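Quantities reported herein were computed from a predicted structural model and do not represent experimental measurements.
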Amino acid sequence: MKASRIISTVCAMGLSAACIMGVAGCSSNNQNSGSGAVAATINGTEIYEDTVTDYIQSVREQQGLTDEDSWGNYLAQMGTDPAGVREQIINTYVTRELINSGAEEKGITVDSSEVDSYVDKMKSNYDSDEKWQSALEQAGMTEDEYRSEIELQLKAKELYNTFTSSEEPSNDDMLQYAQMYASAYDGAKRSSHILFDSDDEATAQDVLNKINSGELDFAEAAKQYSKDTGSKDAGGDVGWDKTSSFVQEYTDALSGLEKDQVSGLVTSSYGIHIIKCTDVYNAPKEKADDGTETVKITSLDQIPSEWQETIKESLQSQGQTTNYQNWLKEKKESSDLKINDMPSGLPYDVDMSKYQTEDSNSTDNADTNVSAADSTDGDASANTDGSADASASTDGSADNSASAADADGKSSAN
């Protein structure tokens, strides 16, 4: 694990032990708390040494690394040293300044009412204002600082969205992804279902009998009887099992069905299901001289159309991330950035010669360019929904995957 993982691990913690964000340093404003020493300057904005130190000390506290030996051994295992961690934190605050200036240049503003809605949603997780204030205190921040963090994340998200990519993915790139999809999803089953209330077994059995006798078409029965409002109008279709997550009872029943077969009554926490396997995907394969088979995709029409669209969206999203990364890199390179030498006597500084391991090569292995907090990777979510898993990253990229636990038999849908 590299140096940057120290930061990304902590910043991804979200609400843990009543902390609002992963650590106070992930969300605190860059304020001087004492010494006045400046760690770095970016376009005239000073990043104080105390700010960096507070961040790192928060990391240590969150990880239970408050004594020198545990901290030194941890850094050695990560393949870094105190100077590498300091540089990583400085880069975090540099990125935040670049996001703020970039948002200003593009005219991106956040309405206070939007910030209020996120803060209020987070507050609703606490029984009283006293508990909310206690959580803020434990996170080492005030409500105003928390609001500032939400505002920054909203700006980051909007800034990231300005780097959309309209370029059509190449056929070669599409085929490369199609090969991965086909390999991963070989044997996938598509299904439809009809959902009944758990106390309506009589109706469910009557509908099943009519389907089996041919008196009632499955899709029409779904439209007429199903309680799953998300799938009934599509004839009960809930997609492919390999790209969705179903409750175990549903998965077990579907696994025993071949194409066009209909299950018996299947009971789950959602109610009573009648399940039909509507398709089975068998990837085209190439047989080697030794008899082994490997998946071979030569045309996009060899995978389902839904997967083709997902591949296209993924590649375009990669293009957006690349555009954002390039902008951030250029912005940083053209900025007036000065990082001062690390002063002696910092509380997180240790003599790393005592903690080298066979797997560590000190800073030679340290990747100080990429982390959730540094935000040049574009793949960390910038959640601002006030939920318990909101991360403290400011990379501007949004995790747009949707999950739901509704009455369609799925525990979540990707």
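More than 12 heavy atoms of other residues, nucleotides or ligands lie within 6.0 Å of CD in Glu306, so this atom counts as buried by the packing criterion. Shown here is Glu201, whose CD atom has no more than 12 heavy atoms of other residues, nucleotides or ligands within 6.0 Å. The number of heavy atoms from other shown groups lying within 6.0 Å of CD (Gln133) is above 12. For Glu104, the CD atom sits in a loose shell: 12 or fewer heavy atoms of surrounding residues, nucleotides or ligands are nearer than 6.0 Å. Around the CG atom of Asp341, the shell of radius 6.0 Å holds no more than 12 heavy atoms that belong to other residues, nucleotides or ligands. In Asp289, the CG atom is not crowded: 12 or fewer heavy atoms of neighbouring residues, nucleotides or ligands sit closer than 6.0 Å. Counting heavy atoms of neighbouring residues, nucleotides and ligands inside a 6.0 Å radius, atom NZ of Lys285 exceeds 12 of them.
A donor-acceptor pair under 3.5 Å is absent between the side-chain atoms of Thr53 and the main chain of Asp50, judged by distance alone. In terms of modelled atom types and a separation under 3.5 Å, the side chain of Asp81 and the main chain of Gly84 share a donor-acceptor contact. With hydrogens and angles ignored, the 3.5 Å screen pairs a side-chain donor or acceptor of Asp351 with a backbone N or O of Ser353. At least one donor-acceptor pair closer than 3.5 Å links the side chain of Asn326 to the backbone N or O of Thr322. Counting only distance, with no hydrogens or angles, the side chain of Gln261 and the backbone of Glu258 share a donor-acceptor pair below 3.5 Å. In terms of modelled atom types and a separation under 3.5 Å, the side chain of Gln316 and the main chain of Glu313 share no donor-acceptor contact. A donor-acceptor pair is defined here as one N or O able to donate and one able to accept, closer than 3.5 Å; no such pair exists between the side chain of Thr80 and the backbone of Ala76. Within the 3.5 Å criterion, the main-chain N or O of Ser255 finds a donor-acceptor partner in the side chain of Lys189. Of the possible polar contacts, none joining the Asp241 side chain to the Leu254 backbone as a donor-acceptor pair under 3.5 Å is found. Counting only distance, with no hydrogens or angles, the side chain of Ser101 and the backbone of Glu97 share a donor-acceptor pair below 3.5 Å.
Note: Arg60 CZ to Ile56 CD1 = 9.5 Å, rounded to the nearest 0.5 Å. The line from OG1 of Thr41 to CD1 of Ile90 is 10.0 Å long, rounded to the nearest 0.5 Å. In this structure, Asp54 CG and Glu49 CD are separated by 10.5 Å, a value rounded to the nearest 0.5 Å. In this structure, the separation between CD1 on Ile275 and CD on Glu249 is 9.5 Å, given to the nearest 0.5 Å. Between the NZ atom of Lys227 and the OG atom of Ser198 there is a distance of 11.5 Å, given to the nearest 0.5 Å. Residue Thr51 holds its OG1 atom at 8.5 Å from CD1 of Ile47, rounded to the nearest 0.5 Å.
Considering every non-hydrogen atom in both Leu159 and Ala103, the closest pair reads CD1-N, 4.2 Å. Residues Cys277 and Leu257 approach most closely at CB-CB, 3.8 Å, considering heavy atoms. Here the closest heavy-atom approach between residue His193 and residue Asp228 is recorded as NE2-OD2, 3.0 Å. When every heavy atom of Ala221 is checked against every heavy atom of Val207, the shortest pair comes out as CB-CG1, 4.1 Å. Taking all atoms of both residues into account, the shortest heavy-atom contact from Val295 to Ala182 is CG1-CB, 3.7 Å. Residues Gly187 and Lys242 come closest through the heavy atom pair C-NZ, 4.3 Å.
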Output, in order, the C-alpha distance, side-chain angles, deciding distance and verdict of side chain to side chain contact (heavy atoms under 4.5 Å, CB included) for Glu61 and Gln57. CA-CA 6 Å; Glu61 185 175 348; Gln57 293 297 89; over 6 Å; no
Please walk me through it: do Tyr55 and Thr92 pass side chain to side chain contact (heavy atoms under 4.5 Å, CB included)? CA-CA 10 Å; Tyr55 193 128; Thr92 295; 4.3 Å; yes
Check the pair Phe218, Ile274 against side chain to side chain contact (heavy atoms under 4.5 Å, CB included), reporting the backbone distance first and the verdict last. CA-CA 9 Å; Phe218 190 97; Ile274 301 174; 3.8 Å; yes
Determine, step by step, whether Tyr146 and Trp132 satisfy the side chain to side chain contact (heavy atoms under 4.5 Å, CB included) criterion, reporting the C-alpha distance in whole Å, the side-chain angles of both residues, the deciding distance to 0.1 Å, and the verdict. CA-CA 12 Å; Tyr146 179 65; Trp132 163 244; 3.8 Å; yes
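A 4.5 Å side-chain heavy-atom check between Tyr355 and Glu68 finds at least one atom pair inside the cut-off. Leu98 is listed as a side-chain neighbour of Leu328, based on a closest heavy-atom distance under 4.5 Å. Taking 4.5 Å as the limit, every side-chain heavy atom of Tyr225 sits out of range of all side-chain heavy atoms of Lys232. Side-chain contact between Ser183 and Asp186: absent, with no pair of heavy atoms (C-beta onward) separated by less than 4.5 Å. Counting heavy atoms from C-beta on, the side chains of Asn171 and Leu300 come closer than 4.5 Å. You'll find the side chain of Ile42 stays beyond 4.5 Å of the side chain of Tyr93, heavy atoms only. Between Leu154 and Glu114 the shortest side-chain heavy-atom distance falls below 4.5 Å. Using a 4.5 Å heavy-atom threshold, the side chains of Ile272 and Leu195 count as separate.
Side-chain contact of Asp252 with Gln248: a donor-acceptor pair under 3.5 Å is present, judged by distance alone. Between the side chains of Ser117 and Asp120, no donor N or O sits under 3.5 Å from an acceptor N or O. Side chains of Tyr160 and Glu158: no donor on one and acceptor on the other come within 3.5 Å. Remark: the Ser191 side chain and the Tyr250 side chain contain an N/O donor-acceptor pair separated by less than 3.5 Å. Inspection of the Thr45 and Asn43 side chains reveals no N or O donor paired with an N or O acceptor under 3.5 Å. Under 3.5 Å, the side chains of Ser263 and His273 contain no donor-acceptor pair of N or O atoms. With 3.5 Å as the limit, one finds no donor-acceptor pair spanning the side chains of Asp116 and Ser113.
Both the sub-6.0 Å distance and the 45° axial angle are satisfied by Lys106 relative to the ring of Phe163.
A salt bridge links Asp127 to Lys131: one of the charged nitrogens lies within less than 4.0 Å of a carboxylate oxygen. Under the 4.0 Å criterion applied to side-chain N and carboxylate O atoms, Arg190 and Asp237 are assigned as salt-bridge partners. A salt bridge links Lys331 with Glu105: at least one charged nitrogen is closer than 4.0 Å to a carboxylate oxygen. Here Lys354 does not pair with Asp69 in a salt bridge; the nearest charged N to carboxylate O distance is not below 4.0 Å. Salt-bridge formation is detected for the pair Glu143/Lys123: a Lys NZ or Arg NE/NH1/NH2 atom is positioned less than 4.0 Å from an Asp or Glu carboxylate oxygen. Between Glu149 and Arg96 there is a salt bridge, since a side-chain N of the basic residue sits under 4.0 Å from a carboxylate O of the acidic one.
Listed by chain and residue number, nothing satisfies the side chain to side chain donor-acceptor pair (under 3.5 Å) test with Gln320 (two or more places apart in sequence, or in another chain). When the side chain to side chain donor-acceptor pair (under 3.5 Å) test is applied to Asp301, the partners found at least two apart in sequence or on another chain are Ser299.
A ring-ring contact (aromatic ring centres under 6.0 Å, His included) with Trp240 is found for one member of Trp307, Phe246, Tyr181 and no other, namely Trp307.
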